[in-house]
Amino acid sequence: MNVTFLGTSAANAYPEAFCQCKNCEQARELGGASLRKRSAALINSDLLIDLGPDIMTASFLHSRPLTHVRYYLQTHAHSDHLDPSHFLSRSPEYGVIGAPRLHFFASHGTLEQLANRLEADCAPDGFLSPQAGERLNVTVHQVEAMQIFTVGPYRVTAFPANHDPLVDPLLYAIEANGHSIFYGTDTAVLLEETWQALHEYGLHFDLVILDHTYGPDETGSDHLSAYQFIEHVTRMRQEGLMKNAGRAFATHISHPGNPVHPELVEFAVQHGYEVAYDGLVV
Ligand SMILES: [Zn+2]
Ligand SMILES: [Zn+2]
Ligand SMILES: [Zn+2]
């Protein structure tokens, strides 16, 4: 399995186009890995996590066409992770040729919000109706926390995120060919029931991708801070939830508290983790 990071910023891009803070100004000067788009990731060439607002730009900028995407996992419905206009733009009536049927997996809360947002635009009969599915070339699968389900060649387990309960947010473990990945954003400290479930399901991750919204000098709240990130990775290693050679990557990195990429990497190296950047393939 390989993972391509299509975006690694939090709700603001990094630099946020309207912001003159020191970090944003420095990111503009440095360019490269310090330029972050809103979070999304591609597993192999067929599984997309989050239909974020920047995936079109990410696709051509990092030479990762989404033409083979058949499966799609949505973490939650916050607008930095879900731009419903992509459903229209990838549909046959917008002239798209050859896009395979999309199998779309999301929680009840996310599907409800999405249906509301799409109603006016393109699916007056409801996003979840068979008619809308045919028009948009999508099959919807509702999933819930603690459920194990099959997504094409992948075995996926959903976990509850500790995040805005109104959007019923999910985190995902994705397994294939003896390898496994944990994709954990957006979330504050993981719930004890999630830790327990990770053990019960016997998961041992090769790759842990975790929320790193707040920087080394900030405290976490609705998201993880750098030190909470470190505590989570340390606990995962101590409790055998990561393989010996398992790697941990920070994503969902926001501009006010996280320094530009090279400086954040320096900090991360000292604490035993790595920092994802847009276009990185692991
Ligand atoms: Zn977010
Ligand atoms: Zn800024
Ligand atoms: Zn969120």
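Residue numbers run from 1 in the order of the sequence given. Start at 1 and go down the list; that is how both ligands and their atoms are numbered. Just the heavy atoms: all of them, side chains too, but no hydrogens, waters or symmetry mates, feed the values below.
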Could you check if a side-chain atom of Phe5 sits within less than 4.5 angstrom of a side-chain atom of Lys37, using non-hydrogen atoms only? no
Keeping to distances under 2.8 Å, can you name the protein N/O/S atoms close to the Zn ion (ligand 1)? Asp80 OD2, His81 NE2, Asp186 OD2, His252 NE2
Protein N/O/S atoms under 2.8 Å from the Zn ion (ligand 2): how many? 4
Does NE2 belonging to His271 count more than 12 external heavy atoms closer than 6.0 Å? yes
Applying salt bridge (charged side-chain N to carboxylate O under 4.0 Å, His left out), name anything that partners Lys22, two or more places apart in sequence or on another chain. none
Take atom OH of Tyr94 as the centre, draw a 6.0 Å sphere, and report whether it contains more than 12 heavy atoms from other residues, nucleotides or ligands. no
Within a radius of less than 6.0 Å around CZ of Arg28, do more than 12 heavy atoms belonging to other residues, nucleotides or ligands occur? yes
With a 6.0 Å cut-off on the ring centroids, do Tyr72 and Phe104 count as close? yes
Sort out for me which residue in Phe267, Tyr273, Tyr14, Phe249 forms a ring-ring contact (aromatic ring centres under 6.0 Å, His included) with His212. Tyr273
Is there any salt bridge (charged side-chain N to carboxylate O under 4.0 Å, His left out) pair reaching into residues 148-164, and which pairs are they, with sequence neighbours excluded? Arg155-Glu175
Measuring from atom CG of Leu102 to atom CG of Leu48, what distance do you get when rounded to the nearest 0.5 angstrom? 8.0 Å
